[in-house]
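Comments concern the structure below.
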Amino acid sequence: MQTLFLDASRPEDIQTAGAILSSGGLVAIPTETVYGLAANALDPAAVEKIFAAKGRPHDNPLIVHICALEQWAPLVTQLPPAALRLAEAFWPGPLTVILPRSERVPAATSAGLPTVSVRFPAHPAAQAVIRAAGTPLAAPSANPSGRPSPTRFAHVRADLTGKVDALLDGGDCGVGVESTVLSLVGPVPRVLRPGGVTLEQLRAVLGDVELDPAVEAPLAPGTAPASPGMKYRHYAPRAPVTLVDASPADYAAYVNRQPGVRALCFTEDLPLLTVPAVSYGGRYRPEEQARGLFAALYRLDEAGEAPILAHLPAKRGVGLAVFNRILRTAGFSVKNPTGRLLVGLTGPSGAGKSTLAAAWARSGWQVVDCDALTRRPEVYDADCVARLMAAFGADIAPNGVLDRRLLAQRAFAAPEPKRLLESIVFPKILAALDRELERAFAAGADLVALDAPTLFESGLDARCARVVVVTAPEADRLARICARDGLSEAEARRRLAAQPPESFYRDRADAVLENGPGDDLAAQGLAFAAVLRRELEARR
Ligand code: TXA
Ligand code: MG
């Protein structure tokens with residue numbers, strides 16, 4: 001088949017795409033999530049061509065794309081208030097809503113299901129093509145069935161040239177993972193596939209929203225998936241992929257020991273790795289990971305067939321969608337190479353870290369208090385004192401005994417001496433920490449928490465497989481600091497102002513535990529601990 005190459009920035013090309021679609025043809029189009037392979041959603045013969053071009057199983061329904069709210073009502077038999085609230089909050093955008101299907105939608109579009117999924121994409125070219133076609137468009141992701149979804153035009157061209165009527169070049173896709181698929185058919189709204197709109201955002205609008213169990217775990221044999229697309233091996237490159245659940249330090253150490261492997265990793269892992277590696281985004285940047293994941297899989301595919309060891313992403317925000325995709329890429333195989341989890345515990349002063357640490361310690365965890373570690377005499381050994389004297393003056397240690405107040409006066413006077421102090425003392429603290437951890441592991445501990453107020457600033461987060469942030473409203477933190485440390489409110493405010501803003505901690509957390517009035521911090525901490533225990537047992 002002759003395939004036309006069209007450019008989304010040219011109005012006449014949009015009209016050409018529309019004309020092909022309204023006469024029953026197939027066109028690959030850009031959307032804000034991934035490229036879609038579009039056909040007239042109301043024409044069973046056109047829809048059938050999608051299944052053929054993708055090699056898509058016939059029991060996997062398609063999403064119907066609209067470019068105006070009025071197009072929705074004719075496709076469904078009911079439009080409940082929750083649906084309209086969702087449209088108001090998230091459309092146009094990466095959310096797909098499932099409702100009972102009307103007679104207008106051919107059974108073939110929904111693979112025979114009594115429901116239909118509808119989405120109003122935000123991409124201007126997608127909207128313009130739907131308008132030009134004059135009909136809602138069915139559009140699955142534009143990959144051959146089972147392969148990674150294309151987020152770059154070059155990937156669409158490589159996969160579909162010769163198989164469809166036209167390809168519309170709209171550049172790179174901004175979100176990078178597909179839309180969130182939400183069913184409004186059951187008693188409680190349920191996410192069947194996480195995507196560009198997060199669970200947190202949906203709950204803020206709808207209240208109770210469930211997560212389908214198939215999002216995070218393989219279906220039990222014999223169970224029917226709520227979303228048929230969930231049962232196929234998916235998003236897979238040609239090489240086998242295994243997910244590795246480990247801190248950056250442990251991930252790199254493990255991967256570097258495996259012969260003939262490649263890494264699909266975070267940007268921060270790159271300098272630690274000695275094997276060929278492709279990054280899919282920063283460790284704490286789920287949006288970047290979403291944008292980068294499928295393109296990284298294509299790159300790995302082009303570069304060979306050696307096994308891929310992928311670094312497990314955090315599930316927060318759009319990270320849940322990244323996790324869901326990469327888990328399928330790996331056929332659900334996740335390995336924890338150390339058999340233990342080191343959990344960093346941090347957050348702003350007065351939030352309640354010690355309360356949580358105490359709750360974990362009571363439930364049998366080892367907790368390492370990093371503040372106490374920095375004051376241990378073993379940190380200030382003869383070598384350390386000699387270096388400090390060379391850097392800050394011999395008089396900071398009269399007769400070899402460190403005068404900590406004088407050292408603090410000199411070191412904390414400005415950023416430069418503070419960095420110098422840290423460069424001398426941090427390696428000693430890390431060595432003390434390593435000895436402490438060795439003792440804990442030798443005693444059989446497998447869940448260990450590092451209570452570290454400056455977890456990120458000190459780089460200790462690179463040792464941790466998870467980061468838990470405890471936070472509380474600022475007023476509560478101020479009150480706690482004043483009461484605990486006998487500070488005035490102004491002094492407490494100054495201390496908080498010297499720390500990073502709350503968002504700094506939230507943006508880096510696997511879990512954020514709230515400790516405001518009415519919150520049960522210990523209960524949240526123990527629930528999270530139970531999840532970690534299950535993950536640890538399942539991934540040994
Ligand atoms: O972002 C997206 O949603 C992209 C772009 C092109 O819009 N489209 C996309 O379509 O990802 P597709 O076909 O690759 O994925 C649709 C998913 C499948 O898992 C399918 O099983 C599920 O949505 N789905 C569609 N209609 C459904 C329905 N009526 N009931 C349950 N699941 C449905
Ligand atoms: Mg797909």
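In each ligand, atom 1 is the first atom listed, and ligand 1 is the first ligand listed. Note that this is a predicted model, so its numbers are computed, not measured. When a residue number appears, it is its place in the shown sequence, counting from 1.
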> Counting each atom of ligand 1 from 1 as listed, which ones have a heavy atom of N60 under 4.0 Å away?
Replying inline: 18 (C), 20 (C), 21 (O)

>> Quick check: closest heavy atoms across I98 and S183, and the distance to 0.1 Å?
In response: CB-CA, 3.8 Å

> ligand 1 versus A226, non-hydrogen atoms closer than 4.0 Å: side chain, backbone, both, neither?
Replying inline: backbone

> What protein heavy atom sits nearest atom 17 (C) of ligand 1, and how far away is it?
Replying inline: R193 NH1, 3.7 Å

> Going by the order shown, which atoms of ligand 1 are within less than 4.0 Å of some heavy atom of T33?
Replying inline: 1 (O), 2 (C), 4 (C), 5 (C)

> Does the N or O separation between S141 and ligand 1 drop below 3.5 Å for any pair?
Replying inline: yes

> Listed by chain and number, what are the side-chain contact (heavy atoms from CB on, under 4.5 Å) partners of A277, not counting sequence neighbours?
Replying inline: A263, C265, L270, L273

>> In this structure, does ligand 1 have an atom that sits under 4.0 Å from one of the heavy atoms of R56?
In response: yes

> Starting from atom 8 (N) of ligand 1, which protein heavy atom do you reach first, and at what distance in Å?
Replying inline: A139 O, 3.5 Å

> If you measure only the distance, is there a donor-acceptor pair under 3.5 Å linking the side chains of T346 and R508?
Replying inline: no

>> Quick check on side chain to side chain contact (heavy atoms under 4.5 Å, CB included): which of N40, I66, L21 does T135 satisfy it with?
In response: N40

> Can you list the ligand 1 atoms lying under 4.0 Å from a non-hydrogen atom of R119?
Replying inline: 1 (O), 2 (C), 3 (O), 5 (C), 7 (O)

>> Under a 4.0 angstrom heavy-atom cut-off, which atoms of ligand 1 come close to L113?
In response: 28 (C), 29 (N), 30 (N)

> Protein N/O/S atoms under 2.8 Å of the Mg ion (ligand 2)?
Replying inline: S141 OG

>> Can you name the atoms of ligand 1, numbered from 1 with element, that are less than 4.0 Å from a heavy atom of T115?
In response: 28 (C), 29 (N), 30 (N)

>> Please compare P94, G196, S117 and report which has the shortest non-hydrogen distance to atom 26 (N) of ligand 1.
In response: S117

> What atoms in ligand 1 come closer than 4.0 Å to a heavy atom of G36?
Replying inline: 6 (C)

>> If the cut-off is 4.0 Å to any non-hydrogen atom of I98, which atoms of ligand 1 fall inside it?
In response: 27 (C), 28 (C), 30 (N), 31 (C), 32 (N), 33 (C)

> Quick check: does T96 get an N/O under 3.5 Å from an N/O on ligand 1?
Replying inline: no

>> For atom 7 (O) of ligand 1, what is the closest protein heavy atom, and at what distance to 0.1 Å?
In response: H65 NE2, 2.6 Å

